[in-house]
Protein chains: 2
Amino acid sequence: MANPSTSRLPREIAPRSLPATAWAVLGLLSFGRDLTGYDLKKWADSSLRFFYWSPAISQIYGELRRLESLGYVESWAAPQDELRNKRLYRITPLGRDALTTWVRDSPVEPPVLKHGVALRVWLGHLADPGALRGIVAAHREYAAQMLDEVSAARRTAGQNAEWTYPELVERWGERYWAAERDLADAMLRDLEELG
Amino acid sequence: MANPSTSRLPREIAPRSLPATAWAVLGLLSFGRDLTGYDLKKWADSSLRFFYWSPAISQIYGELRRLESLGYVESWAAPQDELRNKRLYRITPLGRDALTTWVRDSPVEPPVLKHGVALRVWLGHLADPGALRGIVAAHREYAAQMLDEVSAARRTAGQNAEWTYPELVERWGERYWAAERDLADAMLRDLEELG
DNA sequence: GGGAGCATGTAACGGGTTACATGATTGG
DNA sequence: CCAATCATGTAACCCGTTACATGCTCCC
């Protein structure tokens, strides 16, 4: 049996590496604005979701608390209106350093691809051909709409130097969703050829 | 206060809908072969992962137990060699029906996109331009390799009618990874234009 | 009056991963 | 002899979601 007094290692000093979501939230704050959790959720919905994903609001609040406990963000109460307060968050120099290190050094996780439409086509031997084409056609429209939305987001975004990289990623997002739409079209043609 | 005797509804009879992973595992079995958990993991690694993803082996074993408790699969011990047994699984008619219903009726989850490379480029204001290009270039190679692997898988796959739909999805996978590679190239060009 | 938006959080749950444990066989 | 492969499973843990709770303001 292990000696109980030695079997437990002291809590490691080096900061445990955070989930990518935490870095994404900190990343939103790295553009320099003071924001509430609610603000962050809206911003994630209108930008992050096109190439990453938008966490649930409850998770954002949780990550903000964790980031604050690590000293990566600071917060204070600010008047929302006469009666209520809201909590504004700002990135700290320590947080900026940690995020910079993460961007530079952390191994890049391979992109997650979990394509429910492909999964269903793969099981085509169990489906009615018409219904299958319907599923793919619906996905085609979904991709087309994502393309519309990311294009709209790009047009309304600022053009200053500060937004160079987000703009570049939005361009990438447009191409991505256009490709996704074209891929759906090609799959529809393949399905129709089956008769 | 709610009356404790009525505040709790009776356990619903209708089968709770399973996570997509369970349907994917059942889907592997729907091609009609008797397989072990280990076999299923290998097959997932060589086909599912190109368009969905390959669950951990421990999860496959767990899902198999759940599917068996629902009557969707049956299993029996078979001799692996003189000393050991392995457990073979087969889909049941009930399981086939349930899977068919799922393919037909379940709402299709929008494809998950969680692109770590795009996230890092989006934070480009914190990175050294050369390092950023390095990240994208590595991703370009990753996509190219996925393309190679899915092409190889398609060439070695059976050509009979049974494999029509898997083959179609593999074709889709080839196009997908080719597009991903081209998207990385385009992003590299955009990054280089920044100077 | 009611619904949408603003704003913050807790609790329960499920999905999925890694690490661990075990042990035989095959091939270099 | 050692590593890889075959084969099955448990336990701990974390990530993330949904559902729930609260309450104000603005606008129709």
Side-chain angles (χ1 to χ4, degrees), chain A residues 2 7-9 11-12 16-25 34-46 48-49 52-68 75-89 107 109-110 112 114 116, chain B residues 1-2 7-9 11-12 15-25 34-46 48-49 52-69 75-89 109-110 112 114 116:
Chain A
S7 64
R8 204 110 214 29
L9 291 175
R11 194 125 185 56
E12 53 180 336
R16 265 200 309 95
S17 112
L18 296 166
T21 304
W23 299 115
V25 170
D34 303 338
L35 298 168
T36 67
Y38 194 89
D39 293 332
L40 286 164
K41 172 60 175 165
K42 278 189 303 175
W43 193 7
D45 281 346
S46 70
L48 266 187
R49 88 176 153 103
Y52 207 71
W53 107 106
S54 189
I57 178 72
S58 62
Q59 200 194 354
I60 288 178
Y61 286 121
E63 295 296 352
L64 284 171
R65 251 176 291 126
R66 165 156 55 179
L67 291 169
E68 186 156 39
S75 77
W76 62 94
Q80 180 188 355
D81 49 52
E82 267 104 49
L83 294 174
R84 290 170 300 164
N85 277 338
K86 57 185 180 179
R87 182 156 291 272
L88 284 172
Y89 287 87
E109 332 76 65
V112 173
K114 239 179 134 172
Chain B
M1 240 179 296
S7 64
R8 204 111 213 32
L9 291 175
R11 194 127 184 57
E12 53 181 335
R16 266 199 307 95
S17 114
L18 295 167
T21 303
W23 299 114
V25 170
D34 303 339
L35 298 168
T36 67
Y38 194 89
D39 293 332
L40 286 163
K41 171 60 177 167
K42 277 188 306 176
W43 193 6
D45 280 346
S46 70
L48 265 187
R49 91 177 150 102
Y52 207 70
W53 107 106
S54 189
I57 179 71
S58 62
Q59 200 194 354
I60 288 178
Y61 287 121
E63 294 295 352
L64 285 171
R65 251 176 290 127
R66 167 157 53 180
L67 291 169
E68 185 157 40
S69 80
S75 78
W76 62 96
Q80 180 190 351
D81 50 53
E82 267 104 48
L83 294 173
R84 290 170 300 164
N85 276 338
K86 56 185 182 180
R87 181 155 293 270
L88 284 172
Y89 287 87
E109 331 77 65
V112 172
K114 236 179 136 173

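Lettering follows sequence order; numbering is per chain, from 1. Just so it is clear, the values below take in all heavy atoms, side chains as well, and ignore hydrogens, waters and symmetry mates.
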Just to confirm, is there a sub-4.0 Å distance from OP1 or OP2 of [N] to any side-chain nitrogen or oxygen of [X]?
X: A:Q59; N: D:dT17; value: yes
X: A:W53; N: D:dT17; value: yes
X: A:R84; N: C:dG5; value: no
X: B:K42; N: D:dC6; value: yes
X: A:R66; N: D:dC15; value: yes
X: A:Y61; N: C:dT8; value: yes
X: A:T36; N: C:dC6; value: no

What's the [atom1]-[atom2] distance between [X] and [N], to the nearest Å?
X: B:I60; N: C:dG15; atom1: CD1; atom2: P; answer: 16 Å
X: B:L18; N: C:dG15; atom1: CG; atom2: C1'; answer: 12 Å
X: B:E109; N: C:dG15; atom1: CD; atom2: P; answer: 13 Å
X: A:W23; N: D:dC15; atom1: CH2; atom2: C1'; answer: 16 Å
X: A:R87; N: C:dA7; atom1: CZ; atom2: P; answer: 14 Å
X: A:Y52; N: D:dC15; atom1: OH; atom2: C1'; answer: 12 Å
X: B:W43; N: D:dC6; atom1: CH2; atom2: C1'; answer: 19 Å
X: A:D45; N: C:dC6; atom1: CG; atom2: P; answer: 11 Å

Selection from C:dT8, D:dT17, C:dA7 that lies nearest to any side-chain heavy atom of A:D39: C:dA7

How many angstroms lie between atom OG1 of A:T21 and atom CZ of A:R66, to the nearest 0.5 angstrom? 8.5 Å

Considering the options A:Q59, A:K42, A:R49, A:K41, which one meets the side chain to side chain donor-acceptor pair (under 3.5 Å) requirement together with A:S54? A:K41

Which is true for B:K114 with a 4.0 Å heavy-atom rule: it touches a base, it touches only sugar-phosphate, or it touches nothing? sugar-phosphate

Got a salt bridge between B:R65 and B:E68, using NZ or NE/NH1/NH2 to carboxylate O under 4.0 Å? no

So which one's nearest nucleotide on DNA chain C is more toward 5', A:K86 or A:R65?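 Result: A:K86.
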
Can you give me the closest heavy-atom contact between A:G37 and A:L64, atom names plus distance?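 Minimum heavy-atom contact is CA-CD1, 3.8 Å.
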
With a 3.5 Å distance limit and no angle check, can you tell me whether A:W23 reaches the backbone of A:L18 through a side-chain donor-acceptor pair? yes

Quick one: the side chain of A:S58 and the base of D:dT17, do they pair up donor-acceptor inside 3.5 Å? no

